[in-house]
Amino acid sequence: MQLTQGMQLEDLTLPNINGSQFDLKDVTGKKALISFFRYSSCPFCHLRIHEIIERQSDFGKPFEELFIFNCKLRDLKVTSSMHDSSVTVLADENRTYFDRYEVPKSAVQTLVGAATGFSRFRKAVSTGFSPLTKPSGAFTGMPVDVLIDEAGIVQRVLYGSSTFDHIPIEEVIEFSKT
């Protein structure tokens with residue numbers, strides 16, 4: 001089933017790159033951004049994480065950022081090493097939640113993203129995010145962003161139409177403060 005506004009998220013348990021086991025209950029009482037990303041070394045995905053980390057001082061408190069990749073945990077640990085520990089990076093190796101929430105794959109939209117996102121790709125690579133470092137996971141995956149409130153209820157969801165289509169950071173910041 002696709003995520004929709006008003007839906008209650010109750011279950012999300014995945015391994016964290018820091019070695020712990022993440023449980024959605026850990027963010028009860030906090031607003032959060034949950035982003036489903038593509039493969040382990042996706043430059044668009046890691047650039048998005050980088051941009052969110054750069055803006056963390058603008059977010060309301062308490063607020064959590066959770067980034068879920070469809071890939072092997074060991075590969076994600078390598079490709080996420082440039083990010084600081086202020087965000088939670090999780091591996092859904094078996095596509096448990098990707099399949100449950102119908103996170104799409106699209107070869108056509110991947111090509112559209114490659115064709116229209118060259119400047120973002122160049123920025124990602126120049127920032128240090130190589131698409132060839134330990135690539136594992138869903139290369140043709142599309143991103144999904146979810147904003148949940150303190151009770152775990154979905155307030156906004158965006159199923160991306162390209163490899164770099166996300167809820168604008170300004171909108172995420174506004175949500176975190178209301």
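Both backbone and side-chain heavy atoms feed into the values below; hydrogens, waters and symmetry mates do not. For clarity, every value in this text was computed on a predicted model and none was experimentally measured.
In the hydrophobic clustering of ILVMFWY residues, with side-chain heavy atoms under 4.5 Å counting as a link, Leu14 and Phe69 come out apart. Both Leu9 and Val103 belong to a single network of hydrophobic side chains, linked directly or stepwise wherever heavy atoms of I, L, V, M, F, W or Y lie under 4.5 Å apart. Note on Ile167 and Val87: same hydrophobic cluster, where clusters join Ile, Leu, Val, Met, Phe, Trp and Tyr whose side-chain heavy atoms are under 4.5 Å apart, directly or indirectly. Two different hydrophobic clusters hold Leu47 and Ile169 under the rule that ILVMFWY side chains link at heavy-atom gaps under 4.5 Å. Hydrophobic clustering keeps Tyr39 apart from Tyr97 (ILVMFWY residues linked when any side-chain heavy atoms are closer than 4.5 Å, directly or through intermediates).
Residues forming a salt bridge (charged side-chain N to carboxylate O under 4.0 Å, His left out) with Asp11 (at least two apart in sequence, or on another chain): Arg100. Applying the side-chain contact (heavy atoms from CB on, under 4.5 Å) rule to Ser57 yields no partners; only residues at least two apart in sequence or on another chain are considered. The side-chain contact (heavy atoms from CB on, under 4.5 Å) search around Lys177 returns Ile173, not counting sequence neighbours. Evaluation of the salt bridge (charged side-chain N to carboxylate O under 4.0 Å, His left out) rule for Glu54 yields no partner, not counting sequence neighbours. Every residue two or more places apart in sequence or in another chain that forms a ring-ring contact (aromatic ring centres under 6.0 Å, His included) with Phe164 is listed here: Phe44. Judged as a ring-ring contact (aromatic ring centres under 6.0 Å, His included), and not counting sequence neighbours, the contacts of His166 are Phe37. In this structure, Asp23 has no salt bridge (charged side-chain N to carboxylate O under 4.0 Å, His left out) partners at least two apart in sequence or on a different chain. The side-chain contact (heavy atoms from CB on, under 4.5 Å) test applied to Asp84 returns Ile53, Ser86, not counting sequence neighbours. In terms of the salt bridge (charged side-chain N to carboxylate O under 4.0 Å, His left out) criterion, residue partners of Arg156 (sequence neighbours excluded) are, by chain and number, Glu171. Residues forming a side-chain contact (heavy atoms from CB on, under 4.5 Å) with Glu93 (at least two apart in sequence, or on another chain): Lys72, Leu73, Ala91. Tyr159 pairs by the ring-ring contact (aromatic ring centres under 6.0 Å, His included) definition with nothing, not counting sequence neighbours.
Atom CG in Leu76 sits 10.0 Å away from atom SG in Cys45 (nearest 0.5 Å). Annotation: the span from Leu3 atom CG to Leu158 atom CG amounts to 11.5 Å, rounded to 0.5 Å.
Under a 3.5 Å cut-off, the side chain of Thr79 and the backbone N or O of Ser40 do form a donor-acceptor pair. Judged by distance alone, with hydrogens and angles left aside, the side-chain atoms of Asp165 form a donor-acceptor pair with the main-chain N or O of Ser161 at under 3.5 Å. A distance-only check finds a donor-acceptor pair linking the side chain of Asp92 to the backbone of Arg95 [under 3.5 Å].
The shortest heavy-atom contact between Glu102 and Gln2 is OE1-CG, 3.4 Å.
Contact annotation: the side chain of Pro104 approaches that of Val144 to within less than 4.5 Å [non-hydrogen atoms, C-beta and beyond]. Within the 4.5 Å cutoff, the side chain of Leu147 has heavy atoms near those of the Val172 side chain. Residues Ile148 and Leu24 form a side-chain contact, since some pair of their non-hydrogen atoms from C-beta on lies under 4.5 Å apart. The shortest distance between side-chain heavy atoms of Phe175 and Leu33 does not fall below 4.5 Å. A heavy-atom distance below 4.5 Å is found between the side chains of Thr163 and Met142. In this structure, the side chains of Glu170 and Asp58 stay at 4.5 Å or more apart for every pair of heavy atoms.
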Under 3.5 Å, which donor-acceptor pairs link side chains of residues 60-68 to any protein atom two or more places apart or in another chain?
unit_1	atom_1	unit_2	atom_2	d
Glu64	OE2	Lys30	NZ	3.0
Glu65	OE1	Gln56	NE2	3.0

Could you give me the CA-CA distance, side-chain angles and deciding distance for Phe36 and Phe98, then say whether ring pair (Phe, Tyr, Trp, His ring centres under 6.0 Å) is met? CA-CA 7 Å; Phe36 289 87; Phe98 278 74; 5.2 Å; yes
Could you walk me through whether Asn18 and Ser20 satisfy the side-chain hydrogen bond (donor to acceptor under 3.5 Å, both in side chains) test, starting with their C-alpha distance in whole Å, then the side-chain angles of each, then the deciding distance to 0.1 Å, before giving a yes or no? CA-CA 6 Å; Asn18 71 10; Ser20 68; 2.7 Å; yes
For the pair Ile52 and Phe59, evaluate side chain to side chain contact (heavy atoms under 4.5 Å, CB included) and give the outcome as yes or no after the intermediate values. CA-CA 9 Å; Ile52 286 181; Phe59 289 99; 4.1 Å; yes
